[in-house]
Structures are given as C-alpha cells and as structure tokens.
Amino acid sequence: MEVRDLHPWPTSAAEAKAIQDGLRPLLDLGTPGPAEPRTVAGLDVSYAGDGTGAPLAAAVVVLDTTTLAVLEESVAVGRAAFPYVPGLLAFRELPTLMDALRALKTTPDLLVCDGYGLAHPRRFGLACHLGVLTGLPTIGVAKTSFVGTFTPPAPQRGASSPLVNDDEEVGRALRTQDNVKPVFVSVGHRMSLDNACRTVLRIARHRLPETTRRADRLSRDALSGA
DNA sequence: GCGACAG
DNA sequence: ATCTTGTCGC
C-alpha cells in the first residue's frame with residue numbers, strides 16, 4: 001500500500017515532542033469510521049535488545065473481519081530508531097512499521113495498533129501517528145494503562161468504563177472476555193471511540209484482538225528466524 | 001522534589 | 001519490550 005513519506009527524524013526528545021504537536025492538527029477525529037470494515041490489520045513489534053539501534057521486527061497481519069482468516073502478512077526487520085521514552089514510543093518503531101506497511105499489497109480498512117492513540121500525554125500516541133502517515137482509520141489497543149484514570153468495568157465481556165484524563169474521555173477500559181482484565185482502547189484517526197470498541201469486540205476471541213495476537217507471533221518468529 | 005510511565 | 005518455572009483452569 002501507499003504510505004506518506006516519513007518526516008525528518010528527531011534527534012532529541014524535545015524535537016520528537018515538537019513533531020507530535022505539529023502533526024496533531026492533521027488528525028481527523030470527527031468521522032465515525034467504517035461501520036463494517038471488511039479487512040482489519042494488526043501491527044506489533046518485537047525487540048532483541050534495548051536502547052537505540054536494538055534489532056527489531058515489525059509485523060502487519062491483515063484479517064477478514066468476519067471470518068478472522070489471514071488475508072496477508074508482512075514483516076520487516078530493522079533497528080530501534082529512538083530510545084524508549086514513555087510518550088515517544090512511536091519514534092522507536094515507526095520506520096520499520098512503515099516498511100512493513102509499504103510492502104503490503106492490499107490496503108486494510110482499519111489499523112489496530114499495539115499501544116495508544118489519544119490516550120497520550122499530548123494526545124498523539126502511536127495510533128494517531130500511524131493514522132496521519134497512512135491516512136487510514138486507526139485505533140490503539142493497549143494491555144496496561146498509561147494516562148488517565150478509570151473505574152473497573154463490570155466483569156462481563158463487552159462492559160466498559162471511560163478512561164479519563166484532564167476531564168476528557170481519552171479512551172475506554174474494555175472487557176473483551178468474562179472475568180478477564182480489560183484492555184485499553186483509544187482512537188487514533190478517522191474512527192469514533194464507540195466504533196473502535198465495537199470493532200475490538202468483534203475481533204477479540206481472547207483478551208487481545210486476533211489482529212494483535214497474530215502480529216505479535218509473526219514479529220516474534222521473524223526475530224527468532226522461523 | 002519524587003514516583004509513575006504504552007512497548 | 002525482554003529475562004524466566006511451574007501451575008491453575010477452560
């Protein structure tokens with residue numbers, strides 16, 4: 001698929017934050033997004049070490065939303081492009097993730113990212129960044145909380161409670177299975193929070209969406225050479 | 001100032 | 001993210 005060119009790369013945390021602030025106005029947060037996406041892509045990254053330059057593998061797996069069958073897979077290997085700094089995760093993984101996306105023959109209807117979208121200190125997490133660079137609807141699904149507070153949702157699958165930060169609902173704690181810890185869903189680009197949660201429930205057979213599980217396994221295998 | 005902090 | 005054993009439960 002076609003993706004936008006990468007912007008100049010930051011060499012400091014201050015520059016990275018400035019880039020996030022500059023790109024944030026490009027976000028489309030007013031459209032509900034596809035009600036019936038036919039294809040959904042999951043993205044994830046595995047690492048071999050720490051710090052800048054650590055070897056990593058970025059994977060993208062495209063699934064049929066209805067059957068959850070794998071339609072296409074793409075993996076790219078590279079190096080961490082930035083140190084890990086909470087709030088600047090995108091700068092670590094973006095170049096290799098973009099390589100994997102560029103190699104895709106099909107263009108997914110939605111991108112499900114491992115991490116956050118608007119539930120971010122500057123409202124511009126990895127899912128937002130990937131949304132601006134690809135132009136596609138994106139959402140973020142994270143395993144742990146980062147910003148905001150929430151009250152535990154009811155124990156039933158489908159229950160949710162708002163993730164609040166600065167008096168804003170920046171995401172939702174969503175129970176994807178009965179009696180299982182909730183995941184944290186937030187919007188990235190061209191998608192409403194309601195639609196994001198509804199879609200996550202449709203593709204989740206376990207705690208994490210199938211998209212994320214498939215991408216996690218693919219990136220891990222690519223790093224181990226198998 | 002101190003701790004917490006997506007992956 | 002990654003380093004790691006056994007164990008409880010569907």
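Residue numbering restarts at 1 for every chain, and letters A, B, ... go by the order of the sequence lines.
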**Prompt:** What about A:Phe150 and A:Phe184, are their ring centers closer than 6.0 Å?
**Reply:** yes

**Asked** Got a salt bridge between A:Asp194 and A:Arg198, using NZ or NE/NH1/NH2 to carboxylate O under 4.0 Å?
**Response** no

**Prompt:** Between residues 74-83 of chain A and DNA chain B, which residues have a heavy-atom gap below 4.0 Å?
**Reply:** none

**Asked** So, A:Glu210 and A:Arg202, do they make that salt bridge, N to O below 4.0 Å?
**Response** no

**Asked** Between A:Gln20 and A:Arg122, do the side chains contain an N or O donor and an N or O acceptor separated by less than 3.5 Å?
**Response** yes

Report, one pair per line, the protein and nucleotides 7-10 of chain C atoms (nitrogen or oxygen only) whose separation is under 3.5 Å.
none

**Message:** Ring centroids only, cut at 6.0 angstrom: are A:His129 and A:His7 within range, meaning strictly under it?
**Reply:** yes

**Message:** Walk me through whether A:Asp44 and A:Arg213 qualify under salt bridge (Lys or Arg N to Asp or Glu O under 4.0 Å).
**Reply:** CA-CA 9 Å; A:Asp44 194 27; A:Arg213 291 166 50 91; over 6 Å; no

**Request:** Could you verify whether a donor N or O on one side chain and an acceptor N or O on the other, from A:Thr31 and A:Asp28, lie under 3.5 Å apart?
**Result:** yes

**Per-nucleotide protein contact string for nucleotides 2-7 of chain B, where B marks a base within reach and S marks sugar-phosphate only (heavy atoms under 4.0 Å, - for neither)** = ---BBB

**Request:** Would you please say whether a donor-acceptor pair under 3.5 Å links the side chains of A:Asn179 and A:Arg157?
**Result:** no

**Asked** Under a cut-off of 3.5 Å for both distances of each Watson-Crick or G-U pair, what dot-bracket string does DNA chain C give, using [ ] for crossing pairs and | for inter-strand pairs?
**Response** ..........

Side-chain polar contacts of residues 67-86 of chain A - donor-acceptor pairs under 3.5 angstrom, sequence neighbours left out - could you list them?
{"unit_1": "A:Thr67", "atom_1": "OG1", "unit_2": "A:Ala69", "atom_2": "N", "d": "3.2"}
{"unit_1": "A:Glu72", "atom_1": "OE1", "unit_2": "A:Lys105", "atom_2": "N", "d": "3.3"}
{"unit_1": "A:Glu72", "atom_1": "OE1", "unit_2": "A:Thr106", "atom_2": "N", "d": "3.1"}
{"unit_1": "A:Glu72", "atom_1": "OE1", "unit_2": "A:Thr106", "atom_2": "OG1", "d": "2.8"}
{"unit_1": "A:Glu72", "atom_1": "OE2", "unit_2": "A:Lys105", "atom_2": "N", "d": "2.8"}
{"unit_1": "A:Ser74", "atom_1": "OG", "unit_2": "A:Ala100", "atom_2": "O", "d": "2.7"}
{"unit_1": "A:Arg79", "atom_1": "NH1", "unit_2": "A:Gly53", "atom_2": "O", "d": "3.1"}

**Request:** May I ask you to say whether A:Glu168 pairs ionically with A:Arg123, meaning some side-chain N is under 4.0 Å from a carboxylate O?
**Result:** yes

**Request:** Report, as yes or no, whether the 6.0 Å neighbourhood of atom CZ on A:Arg38 holds more than 12 heavy atoms from other residues, nucleotides or ligands.
**Result:** no

**Pairs involving residues 10-32 of chain A, ordered by first then second residue, that meet ring pair (Phe, Tyr, Trp, His ring centres under 6.0 Å) (sequence neighbours left out)** = none

**Message:** Without decimals, in angstroms, what is the distance between A:Leu56 CG and C:dA1 C1'?
**Reply:** 10 Å

